[in-house]
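Worksheet for the structure shown next.
Chain letters run A, B, ... following the sequence lines, proteins first, then strands; residues in each count from 1. This structure is a prediction, so every number in the text was calculated from the model and none was measured.
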There are 2 protein chains.
Amino acid sequence: MSNLIKIHLRLLHDDDIALGPGKADLLEAIAREGSLSAAAKALNISYRRVWSMVESMNNGFRTPLVSTAHGGTKGGGATVTELGQTVLAQYRSLQSDVQALALSHFTRLEPLMKPPEDTPET
Amino acid sequence: MSNLIKIHLRLLHDDDIALGPGKADLLEAIAREGSLSAAAKALNISYRRVWSMVESMNNGFRTPLVSTAHGGTKGGGATVTELGQTVLAQYRSLQSDVQALALSHFTRLEPLMKPPEDTPET
């Protein structure tokens, strides 16, 4: 039943989203792929969007979450900094605790909902 | 600091959103305004969109959350059913419990974030 409840957690900084579900996924993709362009490809979003998401994240925290190396034909690689890894881990732990709490409350709501994929009674 | 964290809780039914922040606000507006058109006006959204949101909500639960009275020149009024009131109250309570938990965890993340409205050091 866990697919019946969906929670989006966002950390705001001056009305900008410093971290949310998409940016957390992006941090993971950058750590895995090693560059912004490869992360963009893996997530099927534009390089321009990745760049803007990285800028928001880096701007929301005391020091950057993503470090980019300029130069080279393809613009160099990118890594998730130590702060980036810490923030990501804390965001994921917050997410899973909130999800667990929500699911425990959901037991009151679920019986009121229509069962999924109702088929017409025959 | 509570404006630094934003949480969206959604209840899904067959990939449709049966209840989320916008629909909860709509239930409140319908209860307050007494008709779909007045609720649409109060929330500054189209009547068409209100109608589609009401359909999703009514379709996600065992019995409708909103009851509409047809007829009359303006299409009649709308009320939030007893189930609608129960579901709304439980959603709000879930929201506030989740918010409280998230805030208690946020104390670990907040020191890592840049203070809001950073002004350049002079």
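A distance of 9.0 Å separates NE2 of A/His8 from NE2 of B/His8, quoted to the nearest 0.5 Å. A/Leu9 CG to B/Gln99 CD: the interatomic distance, rounded to the nearest 0.5 Å, is 9.0 Å. Taking OH from A/Tyr91 and NE2 from B/His105, the interatomic distance works out to 13.5 Å, rounded to the nearest 0.5 Å. Between the CG atom of A/Leu12 and the NZ atom of B/Lys6 there is a distance of 6.0 Å, given to the nearest 0.5 Å. Rounding to the nearest 0.5 angstrom, the gap separating the CD atom in A/Glu110 from the CG atom in B/Leu11 is 10.0 Å.
Taking the side chain as every heavy atom from C-beta outward, B/Asn59 and A/Lys114 approach each other to under 4.5 Å. Side-chain contact check for A/Arg62 versus B/Pro115: some heavy-atom pair is nearer than 4.5 Å.
Under a cut-off of 6.0 angstrom, the local environment of CD in A/Glu82 is sparse, with at most 12 non-hydrogen atoms contributed by other residues, nucleotides or ligands. In A/Arg92, the CZ atom is crowded: over 12 heavy atoms of neighbouring residues, nucleotides or ligands sit closer than 6.0 Å.
Heavy-atom distances place the side chain of B/Ala18, and not its backbone, under 4.5 Å from chain A. Contacts of A/Ser104 with chain B are absent, with no heavy-atom separation under 4.5 Å from either backbone or side chain. The part of B/Leu83 that comes within reach of chain A is its side chain, from C-beta onward, which places non-hydrogen atoms under 4.5 angstrom from that chain.
Ranked by non-hydrogen atom pairs under 4.5 Å with chain B, the options A/Leu94, A/Leu101, A/Leu112 are led by A/Leu112.
In terms of heavy atoms, A/Arg108 sits closest to B/Gln90 at O-OE1, 3.2 Å.
Panel note: side chain A/Arg10, backbone B/Ile5; no donor-acceptor pair is recorded below 3.5 Å.
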